[in-house]
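Below is one structure, written out as structure tokens, with a few remarks after it.
In the text below, chain A, chain B and the rest are named by the order of the sequence lines, each starting its count at 1.
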There are 2 protein chains.
Amino acid sequence: MDIIISNASGEPIYTQIVTQIKTLILEGKLKEGDALPSMRNLAMQLRISVITTKRAYEELERDGFIESYTGKGSFVKAQNKELYREEQLKKIEAMLTEAADKAKRCSIPLSELQEILEIVYGGTES
Amino acid sequence: MDIIISNASGEPIYTQIVTQIKTLILEGKLKEGDALPSMRNLAMQLRISVITTKRAYEELERDGFIESYTGKGSFVKAQNKELYREEQLKKIEAMLTEAADKAKRCSIPLSELQEILEIVYGGTES
DNA sequence: ATAATGTATATATCGGATATACACATTAAG
DNA sequence: CTTAATGTGTATATCCGATATATACATTAT
């Protein structure tokens with residue numbers, strides 16, 4: 001568990017933790033059942049409060065990445081890729097809806113939107 | 001100029017003013033060269049500070065809807081529909097890019113995105 | 001000069017976001 | 001049962017951006 005936090009970035013600490021652990025899980029470097037560092041332990045390492053690590057773990061739990069058990073610890077959950085996909089799909093749909101609304105207000109046709117989408121989808125490197 | 005502000009809405013006052021004046025202009029109820037109420041005048045009517053009306057007018061000016069001249073007043077600019085369209089297009093492109101990024105991370109294919117876009121574009125009432 | 005207009009600086013207030021201390025509850029191990 | 005680990009809950013501190021303001025200043029028209 002190499003979590004690195006940067007005070008300079010302006011990004012909140014708990015967010016940095018969440019993102020990094022999510023990435024580790026999504027990349028398969030942390031697998032189902034793997035134990036995460038205890039909240040206290042991680043807090044010590046990073047020299048931050050337990051409450052901040054708790055907040056990060058809470059978010060990971062809400063998003064279905066891990067599970068915590070009082071007295072035992074926190075563990076990586078079975079990845080529910082389908083669920084994750086569904087959630088992302090909802091967010092994507094919301095974004096597309098907003099974009100479509102804006103477009104309609106300026107009489108920008110659907111075809112133009114489709115073109116743009118095609119370009120940005122193709123052009124963005126992951 | 002019937003500007004109506006509602007303290008209950010939670011929406012900031014200056015935003016309410018901006019939106020309502022933009023709408024009046026876009027709907028053609030305010031035309032090129034028309035004088036807006038002076039900042040002080042509008043502030044009196046709405047029982048708010050001049051600074052708040054100024055802030056609203058500043059935003060309208062930034063967005064190219066009006067122009068203000070010290071000592072004279074504020075006036076509706078010639079509508080540059082093309083410019084407005086371009087600006088909206090930039091915002092739309094940014095939204096689509098973000099959506100595309102999210103989609104790629106979940107291996108959601110472009111075709112699925114296109115479908116969704118088609119649905120939300122068609123289905124949203126203006 | 002006067003009275004209208006817009007402008008600039010410094011300030012108050014509020015609320016959400018972030019991070020915290022400390023006490024409490026649960027579990028596992030001896 | 002005691003101990004030491006774990007996660008949890010309540011109440012609090014702090015900071016920062018957003019919002020709105022008062023007051024004084026600058027410009028224009030008459």
Side-chain angles (χ1 to χ4, degrees), chain A residues 1 3-22 25 30 32-78, chain B residues 1 3-22 24-25 30 32-77:
Chain A
M1 287 295 300
I3 304 290
I4 298 167
I5 59 175
S6 152
N7 296 341
S9 77
E11 195 190 347
I13 297 175
Y14 79 93
T15 301
Q16 296 183 42
I17 297 173
V18 168
T19 306
Q20 290 183 46
I21 294 185
K22 269 191 189 175
I25 295 175
L30 278 176
E32 172 179 357
D34 285 357
L36 296 170
S38 79
M39 294 178 183
R40 279 184 177 75
N41 209 309
L42 184 59
M44 292 281 270
Q45 280 180 45
L46 303 180
R47 319 220 176 186
I48 59 178
S49 160
V50 188
I51 298 154
T52 302
T53 53
K54 172 167 174 53
R55 175 155 183 191
Y57 280 26
E58 267 175 345
E59 190 149 323
L60 286 166
E61 194 156 5
R62 274 210 317 277
D63 293 352
F65 283 82
I66 69 170
E67 264 173 337
S68 296
Y69 305 95
T70 302
K72 298 181 68 179
S74 302
F75 306 88
V76 177
K77 265 180 74 172
Chain B
M1 286 294 301
I3 303 290
I4 297 165
I5 59 174
S6 153
N7 295 342
S9 78
E11 195 190 348
I13 297 173
Y14 79 93
T15 301
Q16 296 183 40
I17 298 172
V18 168
T19 307
Q20 291 182 46
I21 294 184
K22 268 190 190 175
L24 289 173
I25 295 175
L30 278 176
E32 174 180 355
D34 284 358
L36 296 170
S38 81
M39 294 177 183
R40 278 184 178 75
N41 208 309
L42 184 58
M44 292 280 271
Q45 281 181 45
L46 303 180
R47 318 218 176 187
I48 58 177
S49 160
V50 189
I51 299 154
T52 303
T53 53
K54 173 167 173 53
R55 174 154 185 189
Y57 281 26
E58 268 175 345
E59 190 149 326
L60 286 166
E61 196 157 4
R62 272 210 319 276
D63 294 353
F65 283 83
I66 69 171
E67 264 172 337
S68 297
Y69 305 95
T70 303
K72 298 180 69 177
S74 301
F75 306 88
V76 177
K77 266 179 75 172

Can you tell me the distance, in whole Å, between the [atom1] atom of [X] and the [atom2] atom of [N]?
X        : N       : atom1 : atom2 : answer
Leu42(B) : dA4(C)  : CG    : P     : 17 Å
Lys54(A) : dT18(C) : NZ    : P     : 17 Å
Glu67(A) : dT6(D)  : CD    : C1'   : 16 Å
Phe75(B) : dA29(D) : CZ    : C1'   : 12 Å
Ile66(B) : dG6(C)  : CD1   : C1'   : 11 Å
Glu58(A) : dT10(D) : CD    : P     : 12 Å
Tyr57(B) : dA8(C)  : OH    : P     : 17 Å
Ile5(A)  : dT18(C) : CD1   : C1'   : 13 Å

Examine dT6(D): is either OP1 or OP2 under 4.0 Å from a nitrogen or oxygen in the side chain of Ser38(A)? Give yes or no.
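Indeed, a polar side-chain atom of Ser38(A) lies that close.
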
Looking at dT6(D), I'd like to know if its phosphate oxygens (OP1 or OP2) sit under 4.0 Å from a side-chain N or O belonging to Ser68(A).
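No, because none of the side-chain N or O atoms of Ser68(A) sits under 4.0 Å from OP1 or OP2 of dT6(D).
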
To the nearest 10°, let me know how far the axis at one end of the helix from dA1(C)-dT30(D) to dG30(C)-dC1(D) is tilted from the axis at the other, five pairs an end.
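It works out to 0° between the end axes.
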
With heavy atoms under 4.0 Å as the rule, sort Tyr69(B) into base, sugar-phosphate or nothing.
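The answer is sugar-phosphate, as Tyr69(B) gets under 4.0 Å only of primed atoms, P, OP1 or OP2.
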
Quick one: list whatever passes salt bridge (Lys or Arg N to Asp or Glu O under 4.0 Å) with [X], sequence neighbours left out.
X        : result
Glu11(A) : none
Glu61(B) : none
Arg47(A) : none
Asp34(A) : none

Side chains of residues 35-43 of chain A: which donor-acceptor partners sit under 3.5 Å, not counting sequence neighbours?
| from | atom 1 | to | atom 2 | distance (Å) |
| --- | --- | --- | --- | --- |
| Ser38(A) | OG | Asn41(A) | N | 2.9 |

Please identify each residue that fulfils ring-ring contact (aromatic ring centres under 6.0 Å, His included) with Phe65(B), with sequence neighbours left out.
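Per chain and number, Phe65(B) pairs via ring-ring contact (aromatic ring centres under 6.0 Å, His included) with Tyr84(B).
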
Protein-to-nucleotide contact annotation, 5' to 3' order, nucleotides 12-28 of chain D [B base; S sugar-phosphate only; - none; under 4.0 Å, heavy atom]
-------BSBB---BBS

How far does CD of Gln16(B) sit from CD1 of Ile48(B), to the nearest 0.5 angstrom?
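So the gap between those two atoms works out to 9.5 Å.
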
To the closest 0.5 Å, what do you measure between NZ (Lys22(B)) and CG (Leu30(B))?
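Reported to 0.5 Å precision, the distance equals 14.0 Å.
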
According to the salt bridge (Lys or Arg N to Asp or Glu O under 4.0 Å) rule, which pairs have a member within residues 51-60 of chain B, sequence neighbours left out?
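Non-adjacent pairs meeting salt bridge (Lys or Arg N to Asp or Glu O under 4.0 Å): Lys54(B)-Glu58(B), Glu59(B)-Arg62(B).
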
